[in-house]
Every structure is written in C-alpha cells, then in structure tokens.
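All remarks here apply to the structure that follows.
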Protein chains: 2
Amino acid sequence: MNSTTPPAGPRYLQVADDLRAAIAAGHYAEGAQLPTESALCDRHGVSRFTVREALRRLQAEGLIRRRRGSGTVVDTVGSVLRQPLSDVAELLQYAADSEFDFERRGMVTLSSAQAADFAMAAGSRWILLSGIRRMTPGGVPLAVTDVHVNPALEPHVAALQPGRQTLFAQLGLAAGFRIGRVEQDIRALAAGSREAAALGIARRAPLLRIVRSYRDDSGRIVLFSVSSHPGDRFTYSMHIDPA
Amino acid sequence: MNSTTPPAGPRYLQVADDLRAAIAAGHYAEGAQLPTESALCDRHGVSRFTVREALRRLQAEGLIRRRRGSGTVVDTVGSVLRQPLSDVAELLQYAADSEFDFERRGMVTLSSAQAADFAMAAGSRWILLSGIRRMTPGGVPLAVTDVHVNPALEPHVAALQPGRQTLFAQLGLAAGFRIGRVEQDIRALAAGSREAAALGIARRAPLLRIVRSYRDDSGRIVLFSVSSHPGDRFTYSMHIDPA
DNA sequence: GAGTGGTCTAGACCACGTG
DNA sequence: ACGTGGTCTAGACCACTCC
C-alpha cells in the first residue's frame, strides 16, 4: 500500500480548493499577494501546468486577479447579494448561500404562452415544484421559484430535500448524471398577483425574471427553473476577465 | 530571412481565428464534427497545448462543444437578441450587432443616490454621453444608454464615432490602453419618464437595467455605461459550460 | 536585472464514448 | 479495441513590472 492517498479528482481541483479555503479562512486578505506559481508548485509538489489550471479556475470565479510581472492578488468582495457567475461551480455556490423551501405541485403541461415565455417546447410535460428562496430561514424572500423537473426523473423527486443544495445537484447525485450546459435568460417584467403576494411587493412592481435550463452531458434538459426576484431587492452581478 | 511571417499575437489566437472563420464561412455546419486535436496540431504545425488553448477560447464563446470520447462539434445558434456572454470578445460582439447613436451632454458629478444606484463613488466626475441603441438604423429602440467617460480621456472624446464599434474599444485604440476587467450588474426597475419617452413605453413599465464598468489593465475605470432595456423587448441570454 | 505570469514544446498516461 | 479529449510532467523562452 502507498503512503499517499489520492482519493479525489484532478490535482488542480485540490490545489484550487486549498487556495479557496485559505482565502476564505482569511489567510490572504483582499488585495493580498498570493504565492507565486513556482512557490505553489513546490508546496503542492505538482507541475506548473497544474498550478496554472487551479489558478485559472479561481480567476474565473473572480476570486483572484493576475498580472504578468506583478503577481496574483486576492480580488473579491463579500456582498451577499452579488452573484458572480463564471462557471457552473459558481452557479451552484450561489445556491449554497441561500435557503430554498418548496412543495410539489404535480404534473403540468406547458401552454404555448408559457413555452414562448420560457423558451421551452409547448405541450411538454414537467413535474412542478414551487418554492421560495431566502437568505436566511424565515427571512425576507429573495425569489419565488418554479422548478420544472423532467418526468423521467420521477423516481427521484420524492427524495428531494429543501435547504442549501440545488435540486439539480441532488438529482444528479440520485439519478447518476453529470452536469452539462446551463443556459439562462434574464428579463424584466411586471409582477403578477402571485409573485406580489409571495414576495410582499405591489402588483405590477418590476421583477427580475431568470429562467435557467440545466442539461446533463448528453444534452437532455433535466430541469428548468423560473425565478422571479423583486427588482428593489436583488441585483444580478457578474464580471468578465480578459483572455 | 524566413519564409513564414509571424506577425500577430499568440499562436493559439491565430488557430482560434482560423477555426472561427471556417465555422462562419460554413465549412462546419451546426452540429458538425471539428477536426480532432491531433489533426489540428498537424494542420497548424503547433503543439497540442496551443490547439487546446484555441479550442478553450471557442468553447468559452459558446461556439463549440466538446466531450471526451466523442469529439468537438459546432454548437451555435444565430438568434440576434440573445447575448451570450463568456468573455470580453463576446461582449464587444454584441455591440457590433446593433447601432448606437449618442450626443455629448457635458460633465456630471454623481449624486450619492446615483452613486449607490451605479455602485460608483459619490462625487466622482464623468463626461456624460447619452444615446440610443437600435438593432437597425432608425429601427425600434433596444435601449437608452448613458455612457460616463473618465475625464482623463477628455482629449479623445471628441473623436468618438457613433455606429457599430463600442465607445470603449474606440477609446482604447485612441488612448492606447488595453482591456481589463468588465463588471456588470443587472436589475429590474420601473421606467421613469425619460426612459418611457425614449423607448416608447409606458411610465412605470418594467425595465432591465444593466450597469457595466470597464477597466483598463491597471484597474482604472475607463468608463461605465447605464443601459435601460424595455422589459418586453429584450432578453439577456447566456450559458455556462462545465469545467 | 530579477522575478512575475504568459506562451509553448514534446512527450506521457488516463477516463471516457463509440465501434 | 480504438480514438477522443482530460490531465500532467519537465523543461523552455518571452513580455512585462518593479526595483
């Protein structure tokens, strides 16, 4: 037997997780210099390729900023309502920062109006779960969300748990598929009576509507969610880094 | 002297441009298989590292989709109002798909309310340009936009041209800086009288408000823009690919 | 000039999808 | 079984920033 235990996935993810945890633990403050690439190579006993792949991930998450000649610095802000979105990991992270309660509402068939609204196929059938997302349990509602699950996953729906894990991640675990592409459409519209009541805002108040579709790695739409956020309480934030 | 002319930047960008052009020219239809990595290595006479970096860019743009074991396929949709946003190149591409007319409105100082609204510093001073973005000249307005330019760039403002090039790109060319980070915040709010009149919608109708800040590579905010899109006429669309 | 990150090579082994 | 893309090594040279 070997003295080392290499259980987890790629090494660059382990390096990235290490750095992320160190930043979260406050070992590197905002604006602080991170170790150089060669230092990280030594510390983790990996090649520069691996270290650079790890740093690439952190940069995509907006956690660090890099400049040739200068080095790598921590570049993050802690505002809770900001939702940086660079990759799927970040998308899932957002879910972990808030609380989701839902109830099953049965099977639905999309009308042509809904289909156009959600960019989905008219007449398609889905298992509907409705819920509310809050920053803290019992706190101010951040969004009212309708989650539509592919009926093929019916056997796993009953086991879904509310909380800080995305339904998508839970279904993936239970049904054994892996994440593929995520698409999302964002628009503004006026609150209807249902959203107004659930969010505690006026009818016709501005809403931010986010429709996300999640595909597995074979391209099948596993579920799509329709989230309505009160305009005065939610800002969707993201960034893009060059190259 | 050598027979080859290596004028442009990194080789992976040349490879990426070649592939992008080939896809645009229809040599690879939507869903078609692209050459394998090793084939591209041979064709361009570069290492696999370089080819993979090129393919990584195209994947970030949403142009291709890759799966281990299967291969690389073209994966694009041509809908005009969708705005995939994976990197700065895509952001600039969006501008090229629409038409922007503006006029100079003079120097402004941000009130504390505006500062909070835009996530900028109160009391900061900017050169204000106001304009309207349309899909086609004289067509339906897509957005009304206020562009705030850093006063340090005053000498170059007079030379700015309306049209299909972003003001940011024009300023970068004129003032000689390079693109750094782009950040954007998206929220929903009710139209005021100015937006209503400019966009031809009702007062208090829902608006999608996008605030974008552009930094050069030293972190200075070169300009920020505040765009208001009519909720019933504009959907912001993006996607995220795994890993 | 010393040190940083950016680009690049020529190999290697592996996990996965498809025959 | 084979070919695909995913991960990884151990080097190298370069552009850039800072001292």
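Residue numbers begin at 1 in each chain, while the letters A, B, ... track the order of the sequences.
Put simply, CZ on B:Arg65 is 14 Å from C1' on C:dG17, counting in whole angstrom units. Distance, A:Glu53 CD to C:dG6 C1': 14 Å, rounded to whole Å. Atoms CZ (A:Arg57) and C1' (D:dT7) sit 11 Å apart, rounded to a whole Å. Here the C1' atom of nucleotide D:dG5 and the CG atom of B:Leu58 are 15 Å apart, to the nearest Å. Atoms CZ (B:Arg66) and P (C:dC16) sit 17 Å apart, rounded to a whole Å. Atoms CZ (B:Arg68) and C1' (D:dG5) sit 7 Å apart, rounded to a whole Å.
Counting heavy atoms from C-beta outward, B:Arg57 and B:Glu53 have side chains that approach closer than 4.5 Å.
A salt bridge links A:Asp117 and A:Arg209; the closest N-O separation between the charged side-chain nitrogens and carboxylate oxygens is under 4.0 Å. Note on A:Arg104 versus A:Glu154: salt bridge recorded, some NZ/NE/NH1/NH2 to OD/OE distance being below 4.0 Å.
Contacts between residues 33-49 of chain A and DNA chain D, counted as heavy-atom distances below 4.0 Å, involve A:Val46, A:Ser47, A:Arg48, A:Phe49.
Distances shown here put a side-chain N or O of A:Arg11 below 4.0 Å from the OP1 or OP2 atom of D:dT9. Residue A:Ser70 places at least one side-chain N or O under 4.0 Å from the OP1 or OP2 atom of D:dC18. Close to C:dT7, at under 4.0 Å from its OP1 or OP2, lies a side-chain N or O of B:Tyr12. One finds no side-chain N or O of A:Thr72 lying less than 4.0 angstrom from the OP1 or OP2 phosphate oxygen of C:dT4.
Side chains of B:Thr36 and B:Ser38: a donor on one and an acceptor on the other come within 3.5 Å.
If you find the closest nucleotide of DNA chain D to A:Thr50 and to A:Arg67, the one lying nearer the 5' end belongs to A:Thr50.
Applying side chain to side chain contact (heavy atoms under 4.5 Å, CB included) to A:His148 and the options A:Leu129, A:Ile221, A:Val226 leaves one that passes, A:Val226.
The two residues B:Ser70 and B:Gln33 come nearest to each other via the heavy atoms O-OE1, 4.1 Å.
Among the heavy atoms of the strands lying under 4.0 Å from B:Arg52 is at least one base atom, whether or not backbone atoms are also near.
Taking the six-membered ring where tryptophan is involved, the planes of B:Phe224 and B:Trp126 are perpendicular, since the angle between them exceeds 60° and thus also 30°.
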